[in-house]
Student: 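Pasting a structure here, questions to come.
Nothing here was measured: the structure is a model prediction, and the numbers come from that model. Residue numbers start from 1 in every chain, and the chains themselves are labelled A, B, ... in the order their sequence lines are given, proteins ahead of strands.
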Amino acid sequence: MSNDTPAAPAAPSDFIRDVVAQHVADASYPKILTRFPPEPNGYLHIGHAKSICLNFGIAREFGGACNLRMDDTNPTKEDMEYVESIIFDVNWLIAGWADGVKTPQLFHASDYFEQLYGFAVTLIKKGVAFVCDLTGEQIAEFRGAPGDLGRPSPDRDRSVEENLDLFARMRAGEFADGTKTLRAKIDMASPNIHLRDPVIYRIRHTEHQATGNQWCIYPMYDYAHCLSDAIEGISHSICTLEFEVHRPLYDWLVDEVGLWNPRPRQYEFARLSLTYTLMSKRKLLQLVEEKIVTGWDDPRMPTICGMRRRGVTASALRNFAYHIGVTKYMSLTDVAVLEHAIREDLNKIAQRRLAVLRPLKVVITNFPEGKTEQCAAVNNPGDETAGTREIPFTREMWIEQDDFMEVPAPKYFRLKPGGEVRLKYAFIIKCDEVVKDADGKVTELRCTADLDSKTGGPTAGRKVKGTIHWVSAAHALDGEVRLYDRLFTESEPEKDGRDFKTVLNPHSLEVITAKLEPSLRDARADARYQFERLAYFTLDADSKPGAPIFNRTITLKDAWAKEAQRG
RNA sequence: UGCCUCAUGGUGUAAUGGUAGCACAGCAGACUCUGAAUCUGCUUGUCUAGGUUCGAGUCCUAGUGAGGCAACCA
């Protein structure tokens, strides 16, 4: 019964949370510590949102914490721009929900380069790592294909002293890129290819986004990730399924360095796939570079910044993540689940407004010229505290073209010749006359209003089947409205290896000028609006004072569209 | 061809050897000054074949199907 932030939904049950719960029950770890470890080589998307919600959600539910860690071990692909966007997006997504469990400090794999170097020396001294002179091609060839056996590198039995010397000189910058690597000495005959003496350090004379020119050797993901987890005291290292085959290497490295008890363990879950959506960073980059979209934050992008600009709320994204669950099954989630989460959240918070997207002039012939009557409109029918506002009603009005049919379809109950309809929050009107231009196109409707039918009036209770929205022509504010739709016409854009560019939706963006109710002049960037009977909208950052631009987040469900299609 | 993993309605998930449930989608209906929301109801499922058990979606074996793994990427 409190007005505080709503209680967290009951923790969902999934195989990872089950493990964590067991570890909490057994007190296996002093504290549950997860981490979200993106590589700063691109913008975060809704697939990352799933992972963020999982990692921060577990920390939150089990009294733990979660580290945000830049997995920045490959300076050739990483950039500060991405670091900043990732920090912003994560904070936005968890704000008011799990910000309390986010470790204040920002972590980097690169914070540990010195320690990681030391561990590598330890491994060399133990005789389980060696410097290898093979080229990349040779390494691949010696590694062998799955099913075959690998062959050992000729350098595999170098002495500890020589390895130590060579590795130090690698660090000192004596060798060119690609001429030497440090490799773990594990098992060239392993059926798991990742165990066939994996490369753990390579030479890269490249400036690093965080460490500058301090290093010219950089650890590989497999080496850096598990040890970074261990250094931070991570209890549960949660990643996606493709790392499953890396787990034996993760365990081998942590155990060989051997400093941690309890030690971190890796768990894998299936990444998110969504219908009508591309998820790979590479493909999203392609959309940006080929200018199919306007940028990473184009409202059609499945990036967190794109969805935010589109008007999607963080809580909608979190609820979505909650609903789809966590498994090891490679599923394809219907984008309708996401859309439902968005509508559910927006329905609760959106301010209702009247706006006409495709205007048709209506003249109320029995309403005096020059007169303005204020109509009280509720801001949110589900939230009394949202209050009401006044909308001006005059003789000349805009209504939606779709809300009139000269020859009405079956079951159509909006305006038609001789028919009645209610103007929301105002009068019931009757269509007396249809005015057309030379081409026979309807240009104007002449109607009479039942002047007693306004809310509170004597005939206010009269039932008419249809209610439509409207805007006073004299008061209407012209505003740009960007109508976004899904980017692809096919639910699986890349099905059977098809090029997604062959199934782009040519109507994924339509820009129109709409007639807005005057109060929208004061629209706020942080608010969400529902243009009644149409869709949810949010103000775009491109807006200028007096020249608002609205992005359509998502349409309202439309039973009539379905019905009309059937007929 | 080797190794790893997964398989529950149309979709996503729950059921931890004991009545197969939830959500989305769909379909009906109620209500409605949003063809929205809300409410009610309905349809649809344990990949196959064996086995263990009083009892199997769950355990075992085999098969089938799907995904992953052979960057000095993560």
Student: Give the nucleotide from the list B:rA36, B:rC72, B:rG12 with an atom nearest to the side chain of A:A559.
Tutor: B:rA36
Student: Given the C1' atoms of B:rA49 and B:rA56, what is the spacing between them in whole Å?
Tutor: 15 Å
Student: Quick check for you: among B:rG67, B:rC33, B:rC72, whose closest atom lies nearest to any side-chain atom of A:K463?
Tutor: B:rC33
Student: Any donor-acceptor pair under 3.5 Å between the side chain of A:Q530 and the base of B:rU34?
Tutor: yes
Student: What does A:D222 touch in the nucleic acid at a heavy-atom separation under 4.0 angstrom: a base, only the sugar-phosphate, or nothing?
Tutor: nothing
Student: Using a heavy-atom cut-off of under 4.0 Å over every strand shown, decide if A:A336 touches base, sugar-phosphate, or nothing.
Tutor: sugar-phosphate
Student: Side chain of A:N347 only, heavy atoms from C-beta on: which candidate in B:rA37, B:rC6, B:rC73 is closest?
Tutor: B:rA37
Student: Under 4.0 Å, counting only non-hydrogen atoms across every strand here, what does A:K557 touch: a base, just sugar-phosphate, or nothing?
Tutor: sugar-phosphate
Student: Once you round it to whole Å, what is the distance between C1' of B:rU13 and CZ of A:F15?
Tutor: 13 Å
Student: Counting heavy atoms from C-beta on, name the nucleotide in B:rA74, B:rG35, B:rC72 closest to the side chain of A:T181.
Tutor: B:rC72
Student: Mind telling me if B:rA15 is syn or anti? Syn here is a glycosidic angle within 90° of 0.
Tutor: anti
Student: Quick one: are A:I399 and A:V356 in side-chain contact, heavy atoms under 4.5 Å?
Tutor: no
Student: Please give, in whole Å, the distance from B:rC24 P to A:F320 CZ?
Tutor: 14 Å
Student: Under 4.0 Å, counting only non-hydrogen atoms across every strand here, what does A:G136 touch: a base, just sugar-phosphate, or nothing?
Tutor: base
Student: Look at all strands and tell whether A:E532 reaches a base, only sugar-phosphate, or nothing, counting heavy atoms closer than 4.0 Å.
Tutor: base
Student: What integer number of Å spans the P atoms of B:rG10 and B:rC3?
Tutor: 34 Å
Student: Counting side-chain heavy atoms from C-beta on, which of B:rA74, B:rG26, B:rG35 comes nearest to A:F243?
Tutor: B:rA74
Student: Just call it for A:K328: base, sugar-phosphate, or nothing, with non-hydrogen atoms closer than 4.0 Å on any strand.
Tutor: sugar-phosphate
Student: Going by an N to O cut-off under 4.0 Å, is there a salt bridge joining A:E339 and A:K557?
Tutor: no
Student: Is it the case that the side chains of A:E390 and A:Y425 hold a donor-acceptor pair, with the cut-off being a distance below 3.5 Å and no angle test?
Tutor: no
Student: With a centroid cutoff of 5.5 Å and a plane-angle limit of 30°, would you call A:Y221 stacked on B:rA74?
Tutor: no
Student: Could you label the plane-to-plane angle of the A:Y221 and A:H246 rings as parallel, tilted or perpendicular, counting under 30° as parallel and over 60° as perpendicular?
Tutor: perpendicular
Student: In terms of relative ring orientation, are A:F367 and A:F393 parallel, tilted or perpendicular, with 30° and 60° separating the classes?
Tutor: perpendicular
Student: In this structure, how many angstroms lie between the C1' atom of B:rC24 and the CG atom of A:L274, rounded?
Tutor: 13 Å
Student: Record whether the side chain of A:T455 comes under 3.5 Å of the base of B:rC33 through a donor-acceptor pair of N or O atoms.
Tutor: yes
Student: Just need the stems in RNA chain B: three or more back-to-back Watson-Crick or G-U pairs, each with both distances under 3.5 angstrom, sorted by first number.
Tutor: B:2-7 with B:64-69, B:10-13 with B:21-24, B:26-30 with B:38-42, B:47-51 with B:59-63
Student: Pick the C1' atom in B:rU44 and in B:rA23, then give their distance to the nearest Å.
Tutor: 15 Å
Student: In whole Å, what separates the C1' atom of B:rC39 from that of B:rC31?
Tutor: 8 Å
Student: Ignoring hydrogens and angles, does a donor from either the side chain of A:R414 or the base of B:rG35 sit under 3.5 Å from an acceptor on the other?
Tutor: yes
Student: Mind checking whether A:Y112 and A:F119 have ring centres under 6.0 Å apart?
Tutor: no
Student: For A:A460 and for A:I324, locate the closest nucleotide of RNA chain B by heavy-atom distance; then report the residue assigned to the nucleotide nearer the 5' terminus.
Tutor: A:I324
Student: Between C1' on B:rA36 and OH on A:Y529, what's the gap in Å once rounded to a whole number?
Tutor: 20 Å
Student: Taking 4.0 angstrom as the limit, do A:R17 and A:E61 come out as a salt bridge?
Tutor: yes
Student: Tell me what A:L195 touches on the nucleic acid: a base, only sugar-phosphate, or nothing, going by heavy atoms under 4.0 Å.
Tutor: nothing
Student: Give one of base, sugar-phosphate or nothing for A:T275, where a contact means two heavy atoms less than 4.0 Å apart.
Tutor: nothing
Student: In whole Å, what is the span from the CZ atom of A:F413 to the P atom of B:rU32?
Tutor: 13 Å
Student: Can you confirm whether A:K328 is buried at NZ, in the sense that more than 12 heavy atoms of other residues, nucleotides or ligands lie under 6.0 Å from that atom?
Tutor: yes
Student: Report which part of the nucleic acid A:T327 touches: base, sugar-phosphate, or nothing (heavy-atom distance under 4.0 Å, all strands).
Tutor: sugar-phosphate
Student: Going by distance alone, is a donor N or O of one side chain under 3.5 Å from an acceptor N or O of the other, for A:S519 and A:R353?
Tutor: yes
Student: How many angstroms lie between CD1 in A:I217 and CD1 in A:I203, if you round to the nearest 0.5 Å?
Tutor: 8.0 Å
Student: Using the C1' atom on both, measure B:rU52 against B:rA62 and round to a whole Å.
Tutor: 15 Å
Student: Taking atom P of B:rC6 as reference, at what distance in whole Å does atom CZ of A:R271 sit?
Tutor: 18 Å
Student: In whole angstrom, give the distance that lies between atom NE2 of A:H340 and atom C1' of B:rA23.
Tutor: 8 Å
Student: When we call it a touch if two heavy atoms are under 4.0 Å apart, what does A:R352 touch: a base, just sugar-phosphate, or nothing?
Tutor: base
Student: May I have the distance from A:I217 (atom CD1) to B:rC72 (atom C1'), rounded to whole angstrom?
Tutor: 13 Å
Student: Using a heavy-atom cut-off of under 4.0 Å over every strand shown, decide if A:H246 touches base, sugar-phosphate, or nothing.
Tutor: base
Student: Looking for any heavy atom pair under 4.0 Å, which part of the strands does A:Y218 touch: base, sugar-phosphate only, or nothing?
Tutor: nothing
Student: Among B:rU34, B:rG35, B:rA74, which is the nearest nucleotide to the side chain of A:D71?
Tutor: B:rA74
Student: Need one value for A:S331: base, sugar-phosphate or nothing, where a base atom within 4.0 Å counts as base even if backbone is also close, heavy atoms only.
Tutor: sugar-phosphate
Student: Just call it for A:Y329: base, sugar-phosphate, or nothing, with non-hydrogen atoms closer than 4.0 Å on any strand.
Tutor: sugar-phosphate
Student: Nearest-nucleotide wise, let me know which of A:A140 and A:P219 is further upstream toward the 5' end of RNA chain B.
Tutor: A:A140
Student: Between the side chains of A:D177 and A:R204, is the shortest nitrogen-to-carboxylate-oxygen separation below 4.0 Å, so that they form an ion pair?
Tutor: no
